Amino acid sequence: MESQSFLHVTLRFIAHLILFVLFVQFYLMEQMGDYVKDRTTTTSRFEEVEVSDFPSITICMDPPQKPSVAKQYGYKRMVDIHFNDVPNITLPERFEASTYILNKDFSIKVDDDKDFLKLGENEEFVVRPMVTFFEGICHNLEPKFKVTQQWFHKGLSIKLKEDLIDRPKKFKVYLTSNAAILNIATDIWPQYLTGRVTIPFDNRVTTVIKSRPIEYKFKTGVNDSKECVTKIIEESQCKNKCFYINGTSLPICNSASDFDCIWSHYNQWQKCLLQKHTMAYVPHIDEVSIYDTNISDAFEISASSKTKQIMEEVDVITFAGLIGSVGGSLGMFFGFSFTSYLSIVVEKFTRKNLSYLIKNMFNP
């Protein structure tokens, strides 16, 4: 009888050991790997809204640099402006001279307004010049209004100055949130691709850009890229606390040596471009022919306040989900139950100590 009992226990132990090895190999390791590596997936849903943000518009000339000025400075490529100093002229002054400036080289008009946009406050937009790494000086149009209609549009037209010697062939239009200024300036988009449309000059069509808003919610990132970069540079060992492009509260660097110091901290501040919460605008393009020769190169941006798409990053498996998943699988493999094993422990404890407790209670 004892040998049969021993054989029975041994066989049960071997069977449970085999099941446990299979459980760990084909299930537990994968589940624990997902949890430890903090793997995520993306969910998508659509939500009706009454009010939405009109996209921030950034306009960049292409090519961004005037060839005659670049040749005068001895530049062989556009990014040489950051690396090669020119005697008696600072980096911001080189940008001012070599790229295209609003109301000096070109003008922008909104709809059929008589007045052209100016730098600073306008009726519907705040216009700011923006120094970038690859695009020269761009111009950002930050809207001062919200979209409350089901379908809303703004028409803009760009006109190059007649006496302009170096004339760009086209211009780029970026549709972003106001929080994405640094992403445009650095041309680094680590989480999503921005809405960008390239429009040729003398196109003789109106480019209609229908923007679809997407709200992104990421698990990791920063709430404010500008503050993040500013803090890193201010705490750095760089002699001049500056940044090589716009998008922070720091001034633009004046020399190539300043640029080198900022670039040496690239691995730190580039992480600031990861944002926890941001908006993107996906463009859909149509073209409408123009027959009036007096109309300048025009484009129209449409937006809707009816719906928006929400893309949210969530954990593949949470701690609560891990417990439930592993516990359920243990029950499936072995008939394992935490409560049953807890009951056995309680029962063993009470059997062993109950008589002792009763004896001491009645016989102090």
Side-chain angles (χ1 to χ4, degrees), residues 56-67 69-70 73-86 89-102 105 128-141 166 168-198 222 224-233 236 238 240-275 278 280:
S56 177
I57 306 166
T58 303
I59 299 172
C60 305
M61 296 297 154
D62 187 14
Q65 206 169 69
K66 298 175 181 176
V69 180
Y73 291 156
Y75 296 153
K76 296 181 180 180
R77 51 182 186 162
M78 199 281 295
V79 293
D80 285 347
I81 193 171
H82 299 284
F83 300 99
N84 300 336
D85 284 331
V86 176
I89 184 170
T90 64
L91 179 61
E93 290 172 340
R94 297 201 298 273
F95 267 109
E96 184 81 17
S98 62
T99 57
Y100 299 92
I101 307 301
L102 181 66
D105 302 304
R128 300 184 183 93
M130 188 174 72
V131 175
T132 72
F133 186 69
F134 291 107
E135 308 277 6
I137 294 182
C138 299
H139 292 80
N140 174 253
L141 282 60
D166 298 308
K169 298 178 181 179
K170 50 193 173 182
F171 60 94
K172 298 175 183 177
V173 179
Y174 290 88
L175 304 181
T176 66
S177 69
N178 292 328
I181 297 299
L182 266 172
N183 297 95
I184 297 176
T186 57
D187 195 28
I188 298 174
W189 303 90
Q191 297 160 301
Y192 63 95
L193 294 178
T194 184
R196 185 182 72 180
V197 178
T198 300
V222 299
D224 192 318
S225 296
K226 179 176 74 173
E227 289 183 2
C228 179
V229 172
T230 301
K231 182 179 179 181
I232 290 173
I233 300 304
S236 71
C238 293
N240 295 319
K241 307 304 181 184
C242 60
F243 205 54
Y244 71 104
I245 52 174
N246 280 126
T248 72
S249 57
L250 298 168
I252 300 295
C253 296
N254 283 325
S255 66
S257 60
D258 290 336
F259 172 80
D260 290 339
C261 186
I262 299 304
W263 203 250
S264 68
H265 293 81
Y266 172 80
N267 289 333
Q268 293 174 269
W269 60 255
Q270 63 94 20
K271 295 177 182 177
C272 296
L273 300 174
L274 293 165
Q275 299 173 339
T278 190

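Quantities reported herein were computed from a predicted structural model and do not represent experimental measurements.
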Q: Could you please spell out the steps behind the side-chain contact (heavy atoms from CB on, under 4.5 Å) verdict for Ile245 and Leu182?
A: CA-CA 8 Å; Ile245 52 174; Leu182 266 172; 4.2 Å; yes
Q) Between Asn246 and Ile252, does a side-chain contact (heavy atoms from CB on, under 4.5 Å) hold up when you go through it step by step? A) CA-CA 7 Å; Asn246 280 126; Ile252 300 295; 3.7 Å; yes
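Using a 4.5 Å heavy-atom threshold, the side chains of Leu141 and Thr58 count as separate. Ile184 is listed as a side-chain neighbour of Thr176, based on a closest heavy-atom distance under 4.5 Å. Inter-residue side-chain proximity for Leu273 and Thr186 is flagged as met; some heavy-atom pair is nearer than 4.5 Å. Ile262 has its side chain within reach of Trp269: a pair of non-hydrogen atoms, C-beta onward, lies under 4.5 Å apart. No side-chain heavy atom of Ile137 sits less than 4.5 Å from a side-chain heavy atom of Leu102. The side-chain heavy atoms of His265 and Cys238, taken from C-beta on, include a pair separated by under 4.5 Å. Side-chain contact check for Met78 versus Pro64: some heavy-atom pair is nearer than 4.5 Å. Inter-residue side-chain proximity for Arg94 and Tyr75 is flagged as met; some heavy-atom pair is nearer than 4.5 Å.
By the neighbour-count criterion of 12 heavy atoms within 6.0 Å, atom NZ of Lys241 is densely surrounded, having more than that number from other residues, nucleotides or ligands. When the shell of 6.0 Å around NZ of Lys172 is examined, it contains more than 12 heavy atoms from other residues, nucleotides or ligands.
Atom CD in Gln268 sits 12.0 Å away from atom NZ in Lys231 (nearest 0.5 Å). Between Leu274 atom CG and Ile188 atom CD1 the span is 10.0 Å, to the nearest 0.5 Å. Rounding to the nearest 0.5 Å places OG1 of Thr198 at 13.5 Å from NZ of Lys169. To the nearest 0.5 Å, atom NE2 of residue His139 and atom CE of residue Met130 are 10.0 Å apart. If you take SG on Cys261 and CG on Asn240, they are separated by 8.5 Å, rounding to the nearest 0.5 Å. Between Thr248 atom OG1 and Asp224 atom CG the span is 11.0 Å, to the nearest 0.5 Å.
Here the closest non-hydrogen pair linking Ala179 and Gln275 is O-NE2, 2.7 Å. Smallest separation of non-hydrogen atoms from Leu91 and Ser255: CB-N, 4.5 Å. Shortest non-hydrogen contact noted between Ala70 and Gln65 is CB-OE1, 3.4 Å. The shortest heavy-atom contact between Pro168 and Pro63 is CB-O, 4.1 Å. In plain terms, the two heavy atoms of Val222 and Cys272 that are nearest each other are CG2-O, 3.2 Å. Shortest non-hydrogen contact noted between Thr278 and Ser177 is OG1-OG, 3.3 Å.
For the pairing with Lys66, the side chain to side chain donor-acceptor pair (under 3.5 Å) check across Thr99, Asp105, Asp166 returns one residue only, Asp105. Between Tyr244 and the options Phe95, Phe259, Phe83, a ring-ring contact (aromatic ring centres under 6.0 Å, His included) holds for only Phe259.
With hydrogens and angles left out, the side-chain atoms of Ser56 and Asn140 include a donor and acceptor closer than 3.5 Å. A side-chain donor-acceptor contact under 3.5 Å links Glu135 and Tyr174.
Side-chain atoms of His82 come within 3.5 Å of backbone atoms of Phe133 as a donor-acceptor pair (strictly under, hydrogens ignored). Although no hydrogens or angles enter the test, the distance criterion places no donor-acceptor pair under 3.5 Å between the side chain of Asp62 and the main chain of Phe171.
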